[in-house]
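The structure appears below as structure tokens.
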Amino acid sequence: MTDADGLRDQDGGPDTALRGSARYRRILLKLSGEALLGERQYGVDPKFCAFVAQQVAAVHATGVEIGIVVGGGNIFRGLAAAARGMDRATGDYIGMLATVMNGLALQDAIERVGVPVRVMSAIAMNEVAEPYIRRRAVRHLEKGRVAVFVAGTGNPYFTTDTAAALRAVEIGAEVLLKATKVDGVYDADPMTVPGARRYDRLEYTDLLRDQLKVMDGAAVSLCMENDLPIVVFDLNGQDNIARVAFGEPVGTLIAGPAAAGARA
Ligand code: UDP
């Protein structure tokens with residue numbers, strides 16, 4: 001494969017002939033830290049990382065450009081530490097560092113399945129990750145590399161959901177895929193409330209008004225202002241990332257009135 005500037009792509013990016021078969025050209029996948037727990041109580045489950053990596057590779061092989069924002073809740077949450085008396089900003093910085101560890105684990109897993117990856121950090125740590133530079137991130141994607149964005153937004157008092165919305169908008173992703181443990185947004189917690197109802201689609205304003213606890217308000221507002229659709233889906237379902245990327249009605253679509261109403 002050659003670039004527009006005539007250089008050979010050393011990483012062997014996806015075949016351009018395959019592009020166009022998926023619904024989205026560029027996606028931003030948000031993986032919570034908890035998702036990486038797999039069967040564990042703490043830390044990262046290599047088996048689950050491998051499962052995610054295989055799904056990412058399958059989507060990548062179709063030519064979809066993939067950015068990933070990873071959380072840190074499996075290791076550290078600033079808010080929980082603040083509740084125990086720690087300075088909030090300090091706790092948040094520890095939380096951001098936790099996302100870096102997750103990102104490196106994910107990089108390893110994705111590389112093992114033969115897909116080129118770059119980790120880009122919002123907090124400078126040049127020995128372990130590239131600094132996040134928007135134009136460079138876009139270049140990585142264009143060259144067929146998966147970009148894993150770590151250290152959240154680089155600022156305390158934010159979440160990695162907001163970082164995901166921010167990076168998605170910055171890199172021009174067409175959709176934000178929020179991977180969770182349940183298959184969409186419900187009107188009550190389906191783990192504890194029998195008969196809880198799942199929504200196929202919602203508008204941003206429903207999420208903000210009803211405080212459905214899917215994403216924080218800052219993240220939803222950023223998506224709404226930039227007309228960026230969100231799909232909340234179950235990461236554990238086989239091939240679910242690919243199914244969402246191909247526009248199948250998986251999970252819950254959150255969008256503006258026109259798009260939210262148009263979904264089959
Ligand atoms: N965090 C932060 N700023 C950011 C993103 C994250 O301070 O822009 C901190 C915050 O303390 C948060 C922790 O990093 O609790 C881990 O991120 P998050 O809770 O969003 O991870 P997830 O729930 O997705 O695993």
Side-chain angles (χ1 to χ4, degrees), residues 27-45 48-49 51-52 56 67-107 109 119-125 128-129 131-134 137 147-171 173 176-182 185 189 191 207 211-223 230-236 241 251 254:
I27 63 174
L28 190 296
L29 175 66
K30 163 69 207 298
L31 295 172
S32 69
E34 270 182 16
L36 302 182
L37 280 174
E39 307 278 291
R40 302 182 173 207
Q41 298 298 315
Y42 178 86
V44 177
D45 179 355
F48 196 78
C49 282
F51 168 75
V52 172
V56 167
I68 301 176
V69 167
V70 63
N74 54 325
I75 300 171
F76 202 91
R77 276 187 210 281
L79 203 56
R84 292 191 298 269
M86 184 184 263
D87 169 64
R88 169 74 193 268
T90 303
D92 280 343
Y93 278 112
I94 301 174
M96 286 185 263
L97 296 181
T99 73
V100 180
M101 293 194 256
N102 285 336
L104 294 178
L106 212 53
Q107 176 184 43
V119 178
M120 307 190 92
S121 175
I123 294 177
M125 48 180 93
V128 292
Y132 173 75
I133 299 169
R134 187 185 70 85
V148 179
F149 304 118
V150 298
T153 62
N155 300 292
Y157 301 98
F158 286 95
T159 66
T160 50
D161 279 352
T162 302
L166 177 64
R167 296 291 181 246
V169 172
E170 283 188 274
I171 64 168
L176 195 171
L177 307 184
K178 179 167 162 71
T180 67
K181 286 187 286 191
V182 286
V185 183
D189 183 355
M191 304 283 190
L207 229 57
Q211 299 189 321
L212 288 166
K213 292 193 184 130
V214 181
M215 289 177 108
D216 60 89
V220 177
S221 299
L222 199 53
C223 292
I230 306 163
V231 179
V232 177
F233 72 103
D234 178 11
L235 180 64
N236 294 297
I241 303 178
I254 299 141

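Order of appearance sets the numbers: ligands from 1, and atoms from 1 within every ligand.
The shortest contact between atom 13 (C) of ligand 1 and any protein heavy atom is with Gly95 CA, 3.6 Å. With hydrogens left out, the protein atom closest to atom 15 (O) of ligand 1 is Gly78 N, 3.3 Å, a heavy atom. The nearest heavy-atom contact from the protein to atom 9 (C) of ligand 1 is Asp92 O, 3.4 Å. The single protein non-hydrogen atom nearest to atom 5 (C) of ligand 1 is Thr159 C, 3.4 Å, given as residue, atom name and distance. Looking at atom 23 (O) of ligand 1, its nearest protein heavy atom turns out to be Arg77 NH1, 2.6 Å. Remark: minimum distance from atom 21 (O) of ligand 1 to any protein heavy atom is reached at Gly72 N, 3.0 Å. With respect to atom 20 (O) of ligand 1, the closest heavy atom belonging to the protein is Thr160 OG1, 2.5 Å. Looking only at protein heavy atoms, the nearest one to atom 1 (N) of ligand 1 is Phe158 O, 3.4 Å.
One distance of note links CG of Leu106 with CZ of Phe48; it measures 10.5 Å at 0.5 Å rounding. Interatomic distance, Met96 CE to Thr159 OG1, rounded to the nearest 0.5 Å: 11.0 Å. Atom CD1 of residue Ile254 and atom CG of residue Leu207 lie 5.0 Å apart, to the nearest 0.5 angstrom. Between atom CD1 of residue Ile75 and atom CG of residue Asn102 there is a gap of 4.0 Å, rounded to the nearest 0.5 Å.
Of the polar atoms of Lys30, at least one N or O is found under 3.5 Å from an N or O of ligand 1, judged by distance alone. When only interatomic distances are considered, the shortest N/O to N/O separation between Gly33 and ligand 1 falls below 3.5 Å. In terms of N/O distances under 3.5 Å, ligand 1 is approached by Gly73. Between Pro156 and ligand 1, no N or O atom pair is found at a separation short of 3.5 Å.
For the side-chain contact (heavy atoms from CB on, under 4.5 Å) test, residues two or more places apart in sequence or in another chain that qualify with Phe158 are Thr153, Asn155, Thr162. Scored by the side chain to side chain donor-acceptor pair (under 3.5 Å) test, Arg88 finds Asp92 as partners (sequence neighbours excluded).
Contacts of Asn155 with ligand 1, taken as heavy-atom pairs under 4.0 Å, involve the backbone alone.
Shown here for Tyr132 and Met120, the closest heavy-atom pair between the two residues is CA-CB, 4.1 Å.
The atoms of ligand 1 that sit less than 4.0 Å from any heavy atom of Gly71 are 21 (O), 22 (P), 24 (O), 25 (O). Atoms of ligand 1 found under 4.0 Å from any heavy atom of Thr153 (numbered from 1 in listed order, with element): 4 (C), 8 (O). Applying the 4.0 Å criterion to heavy atoms of Phe76 picks out, from ligand 1, the atoms 13 (C), 16 (C). Of all the atoms in ligand 1, the ones that sit under 4.0 Å from a non-hydrogen atom of Ser32 are 24 (O), 25 (O).
Taking 4.5 Å as the limit, every side-chain heavy atom of Thr99 sits out of range of all side-chain heavy atoms of Phe149. Looking at heavy atoms from C-beta onward, Thr180 lies out of side-chain contact with Ser32 at the 4.5 angstrom threshold. The shortest distance between side-chain heavy atoms of Thr160 and Val70 does not fall below 4.5 Å.
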Begin from the C-alpha positions of Leu37 and Asp45 and carry the test side-chain contact (heavy atoms from CB on, under 4.5 Å) through to its verdict. CA-CA 5 Å; Leu37 280 174; Asp45 179 355; over 6 Å; no
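Contact annotation: Tyr93 has no heavy atom less than 4.0 Å from any atom of ligand 1.
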